[in-house]
2 protein chains.
Amino acid sequence: MATPEEPPPPTAHDGLVDALVQVSFVTMAVLSKVGAEHDLSLTQLRVLGILRDRRVMMTRLADFLGLEKSTMTGLVDRAAKRGLLERGPNAHDGRAVDVFLSPAGAALAVRFQAQVRRSLSPLISELGPAEQRQVRTLLERMLGPHGPG
Amino acid sequence: MATPEEPPPPTAHDGLVDALVQVSFVTMAVLSKVGAEHDLSLTQLRVLGILRDRRVMMTRLADFLGLEKSTMTGLVDRAAKRGLLERGPNAHDGRAVDVFLSPAGAALAVRFQAQVRRSLSPLISELGPAEQRQVRTLLERMLGPHGPG
DNA sequence: TATTGTTATACTCTATAACTATA
DNA sequence: TATAGTTATAGAGTATAACAATA
């Protein structure tokens, strides 16, 4: 007899979902904090990460981030004004604008990544070496067949 | 001989850090998306989550979220205007303002949680039951001695 | 005609500083 | 004097709609 307001049927993996969400919040908090030390928002961090090994047009960057192209204009404007990235012409399409990291931006991305690794170490060090390999494998599996590329 | 710009020495758990960050981004994207379907930002979601089983004063809410109290004013204003939560007097301090979920807010929180669980299922279903128990245990260990409370 | 990018506008989120009311 | 909360203000992040230039 289900009432109109059915209580959510707790499934076997509810506990996993909760742990996943909590760990994600902690991880994002670390990312935010390290980013803030460089005056970088999470979105700006993602931009640096995406451009790390790519030169892409505005629209593609917006697709990667799941944002509107008009949002990209402001995001790229601010990062460019700080000298972290640059705009340039696209070789194949006169309408398109390419975006790519400046040397300063690339250097910052490298420093940032190292800092994130250090900042997440305490979390990870709760586990032994074998367990670390385990979680890593399992997390990568969760990310799907696209794999850790 | 280390150069002034030392290349970051890759440690054993770098791969785990990367997987953790990626999984966290995916998880937050799911949270954002489900939240957006209810016109709720990640911060508003966290507010609902915190108030789920608590009545707290503004300052305490700000502490939980790591935000300034002035930020809370706007956040609570908007959520209250939508009827999701209410302000009330604090029994022990005439200066303080308590915040708590309205019935509508509590109902939304329940619906939201169920929806998040469904939305994260595909990710989790990449693993078998035994593996799910494993990750859960390991993630909870990473969250530290504070435990999954 | 469709697509790329920018501009204009508006709203949310966030912080700092100044203020009020209570402790 | 110190603390709780709000207001004022400013800037970043986001979206929608209208526009210019190119395809």
Side-chain angles (χ1 to χ4, degrees), chain A residues 25 28-29 31-51 55-100, chain B residues 25 28-29 31-51 55-100:
Chain A
F25 268 119
M28 298 312 281
L31 254 44
S32 283
K33 183 170 157 296
V34 176
E37 290 171 18
H38 299 281
D39 274 294
L40 289 172
S41 69
L42 277 180
T43 306
Q44 296 282 12
L45 291 179
R46 292 180 69 193
V47 171
L48 294 198
I50 290 167
L51 295 183
R55 170 187 176 121
V56 300
M57 64 173 88
M58 296 286 286
T59 298
R60 189 139 168 65
L61 197 49
D63 288 344
F64 271 127
L65 296 166
L67 299 173
E68 289 302 313
K69 52 190 180 160
S70 60
T71 301
M72 291 315 309
T73 299
L75 232 28
V76 168
D77 278 352
R78 288 184 290 272
K81 183 149 57 176
R82 291 178 54 186
L84 300 178
L85 48 80
E86 299 171 26
R87 276 186 249 236
N90 181 283
H92 307 299
D93 190 332
R95 299 167 301 180
V97 171
D98 279 353
V99 191
F100 51 95
Chain B
F25 268 119
M28 298 312 282
L31 254 45
S32 283
K33 181 170 159 295
V34 176
E37 290 170 18
H38 300 280
D39 274 294
L40 290 172
S41 69
L42 278 179
T43 306
Q44 297 283 12
L45 291 179
R46 293 179 69 192
V47 170
L48 294 198
I50 290 167
L51 296 182
R55 171 187 176 121
V56 300
M57 64 174 87
M58 295 287 285
T59 297
R60 188 140 167 65
L61 197 50
D63 288 344
F64 271 127
L65 295 167
L67 298 173
E68 289 301 312
K69 53 190 181 161
S70 60
T71 300
M72 291 315 309
T73 300
L75 233 27
V76 168
D77 278 352
R78 287 185 290 272
K81 183 150 57 175
R82 291 178 55 185
L84 300 178
L85 47 80
E86 298 171 26
R87 275 185 248 236
N90 181 284
H92 307 299
D93 191 332
R95 300 167 299 178
V97 171
D98 279 353
V99 191
F100 50 95

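Residue numbers start from 1 in every chain, and the chains themselves are labelled A, B, ... in the order their sequence lines are given, proteins ahead of strands. These numbers come from the heavy atoms of this one structure, side chains and all, not from hydrogens, waters or symmetry mates.
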Are A:L61 and A:L75 packed together at the side-chain level, in the sense that at least one heavy-atom pair is separated by less than 4.5 angstrom?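 SC-SC contact between A:L61 and A:L75 ruled out.
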> What are the two closest heavy atoms between B:N90 and B:D93, and how far apart are they?
Replying inline: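 In terms of heavy atoms, the two residues are closest at OD1-N, 3.0 Å.
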Closest contact, heavy atoms only, B:F64 versus B:V56:
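In this case the closest contact between B:F64 and B:V56 is CE1-CG1, 4.4 Å.
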What distance separates [X] [atom1] from [Y] [atom2], expressed to the nearest 0.5 Å?
X     : Y     : atom1 : atom2 : result
B:L65 : B:I50 : CG    : CD1   : 4.0 Å
B:L48 : B:L85 : CG    : CG    : 7.0 Å
B:R55 : B:D98 : CZ    : CG    : 4.0 Å

Q. Near DNA chain D, which residues from residues 74-95 of chain B have a heavy atom under 4.0 Å away?
A.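 Contacts with DNA chain D under 4.0 Å: B:R87, B:R95.
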Query raised in the report: Looking at residues 36-44 of chain A, who's got a heavy atom less than 4.0 Å off DNA chain D?
Result: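 Here the set is A:S41, A:T43, A:Q44.
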Listing, residues 32-47 of chain A side-chain donor-acceptor contacts under 3.5 Å, not counting sequence neighbours, or none:
from: A:S32; atom 1: OG; to: A:M28; atom 2: O; distance (Å): 3.2
from: A:K33; atom 1: NZ; to: A:E37; atom 2: OE2; distance (Å): 3.3
from: A:E37; atom 1: OE1; to: A:Q115; atom 2: NE2; distance (Å): 2.7
from: A:H38; atom 1: NE2; to: A:Q115; atom 2: OE1; distance (Å): 2.8
from: A:S41; atom 1: OG; to: A:T43; atom 2: N; distance (Å): 3.4
from: A:S41; atom 1: OG; to: A:Q44; atom 2: N; distance (Å): 3.1

Requested in this report: Any pair with a residue in residues 71-85 of chain B that passes salt bridge (Lys or Arg N to Asp or Glu O under 4.0 Å), sequence neighbours left out, goes on the list, sorted by first then second residue, please.
Outcome: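 Non-adjacent pairs meeting salt bridge (Lys or Arg N to Asp or Glu O under 4.0 Å): B:D77-B:R87.
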Filter on salt bridge (Lys or Arg N to Asp or Glu O under 4.0 Å), then keep only pairs touching residues 59-76 of chain B, sequence neighbours left out; what's left?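 Of all non-adjacent pairs touching residues 59-76 of chain B, none passes salt bridge (Lys or Arg N to Asp or Glu O under 4.0 Å).
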Of all residues at least two apart in sequence or in a different chain, which pass the side-chain contact (heavy atoms from CB on, under 4.5 Å) check with A:A62?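 Only A:M72 meet the side-chain contact (heavy atoms from CB on, under 4.5 Å) criterion with A:A62.
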Take the protein atom [atom1] of [X] and the nucleotide atom [atom2] of [N], then report the distance between them rounded to whole Å.
X     : N      : atom1 : atom2 : result
A:M58 : D:dT22 : CE    : P     : 17 Å
B:E68 : D:dT7  : CD    : P     : 17 Å
B:D63 : D:dG5  : CG    : C1'   : 13 Å

(request) Would you please confirm or rule out a distance under 4.0 Å between OP1 or OP2 of D:dG5 and any side-chain N or O of B:T59? (result)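 Yes, within the criterion.
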Notebook entry, point to check: First and last nucleotide of DNA chain C in contact with chain A, 5' to 3', at under 4.0 Å to a heavy atom: what are they?
Noted result: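 Span of nucleotides near chain A: C:dA2 to C:dT7.
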Contact class for B:T73 vs. all strands (heavy atom < 4.0 Å): base, sugar-phosphate, or nothing?
->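 Base contact.
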TODO: Assign A:M72 to base, sugar-phosphate, or nothing according to its heavy-atom contacts below 4.0 angstrom with the strands shown.
DONE: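 The residue A:M72 makes no contact with any strand.
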Practice item. Could you walk me through whether A:M58 and A:V76 pass side-chain contact (heavy atoms from CB on, under 4.5 Å), step by step? Key: CA-CA 9 Å; A:M58 296 286 286; A:V76 168; 3.9 Å; yes
Which angle, to the nearest 10 degrees, lies between the helix axes at the two ends of the helix from C:dG5-D:dC19 to C:dA23-D:dT1, each defined by five pairs?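 The end axes of the helix from C:dG5-D:dC19 to C:dA23-D:dT1 are about 0° apart, to the nearest 10°.
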